[in-house]
Amino acid sequence: MVLENKLGITNSAELAREEERISKKKAVSLFKNPEFDNLEVGTTDALMAIHKHLFEDIYDFAGKLRTVNLAKGNFRFAPLMYLENLLANIDKMPQSTYDEIVEKYVEMNIAHPFREGNGRSMRIWLDLILKKELGQVVDWSKVNKEDYLLAMERSPIKDTEIKVLLKSALTNEVDSREVYVKGIDHSYFYEGYTSFNAEDLC
Ligand SMILES: Nc1ncnc2c1ncn2[C@@H]1O[C@H](COP(=O)(O)OP(=O)(O)OP(=O)(O)O)[C@@H](O)[C@H]1O
Ligand SMILES: [Mg+2]
């Protein structure tokens, strides 16, 4: 099943390719764009603005909250009926230490506010928080993608692994475009979501 898109693409491999190309270009244009200087770092609004910017040429749902329940692997992301409430709580979470920032990131991943493209927009969102609060960012080229995915899959239960993994990749090179663009480099584990009905939860 191919997500409905503005490009009129009906082939999933082609959509993956185009989506990656366009969102990468958009991510580069986001870097050092003064429009984004005014974002309130660490908020849902900021994440929505990032997502909108990356995907507005591809999906109607760019920058908008999802309207379906989502699962990946064995994990069900926040049920739709709790999503807005959860996001409001995440906005209030503290972000002054490294641990607090990663804890916020883990919660935002559980919320998974968008139909697609959560990972890429969230990694930019995370870097903006780290940069503002700690003067550091993640050098994503130092993060092994399989290790990252395993740590994220584990993170709703225990966040130690993702904390250790990202900490080892922190860099002071906050203005390097190369370091930044790595974060949206699309993963090679391109698998989709399964949607589920709210009734399944009862
Ligand atoms: N089983 C899982 N449990 C919890 N979180 C997961 C699981 N699988 C993936 N994730 C998280 O979801 C993200 C992928 O979400 P999504 O597909 O919406 O984003 P993307 O930008 O298209 O992909 P990617 O992050 O792979 O570049 C991953 O980066 C990871 O953080
Ligand atoms: Mg995806």
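Just so it is clear, the model here is predicted, and its values are computed rather than measured. In listed order, ligands and their atoms are each counted from 1.
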Quick check on contacts: which atoms of ligand 1 are under 4.0 angstrom from a heavy atom of Glu116?
16 (P), 17 (O), 18 (O), 20 (P), 22 (O)
Quick check: does any side chain N or O of Trp125 sit under 3.5 Å from a backbone N or O of Met48, one acting as donor and the other as acceptor?
no
Of Met152, Glu153, Met108, Arg123, which has the heavy atom at the shortest distance from atom 25 (O) of ligand 1?
Arg123
Closest approach to the Mg ion (ligand 2) by Glu116, given as the N, O or S atom name
OE2
May I have the step-by-step check of side chain to side chain contact (heavy atoms under 4.5 Å, CB included) for Arg115 and Tyr59, ending in yes or no?
CA-CA 10 Å; Arg115 179 69 184 82; Tyr59 297 122; over 6 Å; no
Contact (N/O only, under 3.5 Å) between Gly119 and ligand 1
yes
Should the proximity of Ile110 to ligand 1, defined as any heavy atom under 4.0 Å, be assigned to the side chain, the backbone, both, or neither?
neither
Considering only heavy atoms, does Phe77 approach ligand 1 within less than 4.0 Å through its side chain, its backbone, both, or neither?
side chain
Evaluate Asp127 against Lys131 for salt bridge (Lys or Arg N to Asp or Glu O under 4.0 Å), listing each step before the verdict.
CA-CA 6 Å; Asp127 274 339; Lys131 185 168 155 179; over 6 Å; no
Looking only at distances, please establish whether an N/O atom of ligand 1 is found under 3.5 Å from an N/O atom of Gly117.
yes
Looking only at non-hydrogen atoms, find the nearest pair between Lys64 and Phe114 and report the distance.
O-CD2, 3.3 Å
Just go through Lys72, Arg120, Arg66 and tell me whose heavy atom is the nearest to atom 20 (P) of ligand 1.
Arg120
Do Lys72 and Met152 touch side chain to side chain, with heavy atoms closer than 4.5 Å?
no
Can Tyr148 be said to touch ligand 1, with heavy atoms closer than 4.0 Å?
yes
Less than 4.5 Å apart, any side-chain heavy atom of Asp147 and any of Val143?
no
So which bit of Leu149 gets within less than 4.0 Å of ligand 1, heavy atoms only: side chain, backbone, both or neither?
side chain
Over all atoms of both residues, closest heavy-atom pair of Ala49 and Leu39:
CB-CD2, 3.8 Å
Taking atom NZ as the centre, does Lys6 end up with more than 12 heavy-atom neighbours from other residues, nucleotides or ligands that are less than 6.0 angstrom away?
yes
Counting only heavy atoms, which portion of Met122 has something under 4.0 Å from ligand 1: side chain, backbone, both, or neither?
neither
